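So the structure is just underneath, and the comments pick up after that.
Please read all numbers here as calculations on a predicted model, not as lab measurements. In what follows, every heavy atom counts, from backbone to side chain, and hydrogens, waters and symmetry copies are set aside. Chain letters run A, B, ... following the sequence lines, proteins first, then strands; residues in each count from 1.
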Amino acid sequence: MMTNIQKIMIKGTRDGLTLHLDDQCSFPSILKELEHKLSINGVAEEDQPMIRVTIQLGNRYLTEEQKEQLIAVIRDKQQLVVDHIESNVITRQEALEWKENTAITPIVKTVRSGQVIKVRGDLLVIGDVNPGGQVVASGNVFVMGKLRGVAHAGNDGDTQAVVAASYMQPTQLRIGEHVSRSPDAGAEGVYMECAYVEVSQENILIDRLQEIVKKRPDLASFERRMSNG
Amino acid sequence: MGEAIVITSGKGGVGKTTTTANLGTALALQNKKVCLIDTDIGLRNLDVVMGLENRIIYDIVDVVKGRCKTKQALITDKRFDCLHLLPAAQTSDKSEVTPEGIKAIVDELKQDYDYIVIDCPAGIEQGYKNAVAGADKAIVVTTPEKSSVRDADRIIGLLEQEEIESPKLVINRIRNHMIKSGEMLDVDEIVSVLSIDLIGIVIDDDAVIKGANSGEPVAMKPNSKASIAYRNIARRILGEAVPLQKLDEDDGVLAKVKRFFGMRT
Ligand SMILES: Nc1ncnc2c1ncn2[C@@H]1O[C@H](COP(=O)(O)OP(=O)(O)O)[C@@H](O)[C@H]1O
Ligand SMILES: [Mg+2]
């Protein structure tokens, strides 16, 4: 009979427990079995360290609500804490968002005073950004021209994002929620530089473009940009 | 069928009206049929600069409202039979005319004239929209000041959204000694930021102000530097390749070397 098949497999790893949940049966039956299983196994003393649990959903899709339910069941067992939930599937919506967040949008024009260019993902400006112009991206901002206006990278809060320009003389730079402005008097621009947030210093630094390879080795990687959103 | 050129800038007081008057006069000097239109309603002064204020009977609002025919409102210049002015209204409000209304007038005038030169009010609102409607080309005027260049940039951005040829740039009121001492933006810097073609540079010249006060545009004067600059702009509009006036006499060896290698100087 079907009921004999294990709906939940528990594996111990170096980092804690991994629960493999069967992806064919109904969600309520999973919850039920989980509760059952954990109540048998979960007998341990109060002062034991917390055990981190990873949940593998296989080809099952869970809504946020369902995830909450799952976490709630596990949380009831005091030594267990859900580290993360993994699934092989995502919704169309999420896929589209991923795509947007990982895209690089090229803009071929001079961004002039009063104009705002705003994209999801990375922005590549082929042209100048003039004083009074503004370029905004949820990912990185690259300007193959003179950046003299305002650039905002990681406007959804991604402080890993960077702003790079062939010529850097911005009125203002923003990365995540960090802001830095140009000096008040006669700042000369610099060629081929890149701005990023130094985590330890909590502010925006500007360095030679070549240096960014060391600071952000995964700058171009799909995974980094995928987690932007 | 003529073409309509709008003279605009964003910022006020940079020389739109002066450029319109002098460009019109310089084109008339070249025997072109020219009609100037003042769209600065409520603040008209192209008629004053042209010395024609006392001849006004009807104005552009009368034409738009159908109170007179377009031809009835046109004033003939004192100096040239081929140069006419359609004055702005002084007592009405900008909201009395619409872009469509102005476009209809411009289209009608294009049948009879070689060039329609439209003087645009300052700003980027209604008045600007009225002035730009119907224009085929645009000239953006700026002075070598940061705020003026900023506004010019804004206007160029707006013009790029219109069905108009890429605008041309006039840099007005250049003061050589201030550029040399680094107190003013230089021509290259301005052109590099705005990245549109330069069609003329005009120095700051007392003769311009004298001309405006006496109602005789400086372009009528044979020798003043500003006059030559305006006439050169007219010639460039007519398609002649006229080199830019030298701001100062010695060009420097470096500039020549750069030119030799085909680099931008
Ligand atoms: N090249 C110039 N040299 C000296 N004065 C100038 C020059 N161009 C314009 N002016 C003066 O500057 C003032 C503003 O010019 P105007 O053409 O009325 O500007 P706008 O139409 O853009 O508001 C006027 O008094 C005019 O005489
Ligand atoms: Mg004016």
- Item | Min side-chain heavy-atom separation A:Lys146-B:Ser192 under 4.5 Å | yes

- Item | Heavy-atom neighbours of B:Lys168 NZ exceed 12 at 6.0 Å | yes

- Message: Other residues, nucleotides and ligands only: do more than 12 of their heavy atoms fall within 6.0 Å of CD on A:Gln201?
- Response: yes

- Which of residues 153-165 of chain B have a heavy atom under 4.5 Å from any heavy atom of chain A? B:Asp153, B:Arg154, B:Ile156, B:Gly157, B:Glu160, B:Gln161

- Task: Taking salt bridge (charged side-chain N to carboxylate O under 4.0 Å, His left out) as the test, write out the residues that go with A:Glu198, two or more places apart.
- Result: A:Lys215

Return all side-chain donor-acceptor pairs below 3.5 angstrom for residues 134-141 of chain B, not counting sequence neighbours, or 'none' if the list is empty.
| from | atom 1 | to | atom 2 | distance (Å) |
| --- | --- | --- | --- | --- |
| B:Asp136 | OD1 | B:Lys110 | NZ | 3.1 |
| B:Asp136 | OD2 | B:Ala4 | N | 2.8 |
| B:Asp136 | OD2 | B:Lys110 | NZ | 3.2 |
| B:Lys137 | NZ | B:Glu3 | OE1 | 3.4 |
| B:Lys137 | NZ | B:Glu3 | OE2 | 3.0 |

- Query: Listed by chain and number, what are the ring-ring contact (aromatic ring centres under 6.0 Å, His included) partners of A:Tyr191, not counting sequence neighbours?
  - Reply: A:Tyr167

- So, for A:Arg148 and B:Val193, which heavy atoms are closest and what is the spacing to 0.1 Å? NH1-CG2, 3.2 Å

- Would you indicate whether B:Arg236, at its atom CZ, is surrounded by more than 12 heavy atoms from other residues, nucleotides or ligands within a distance under 6.0 Å? yes

- Message: As an exercise, state the distance from CG of B:Leu194 to CG of A:Asn130, rounded to the nearest 0.5 Å.
- Response: 7.0 Å

- Looking only at A:Gly132, A:Gly127, A:Gly133, A:Pro131, the option with the highest number of non-hydrogen pairs under 4.5 Å against chain B is A:Pro131

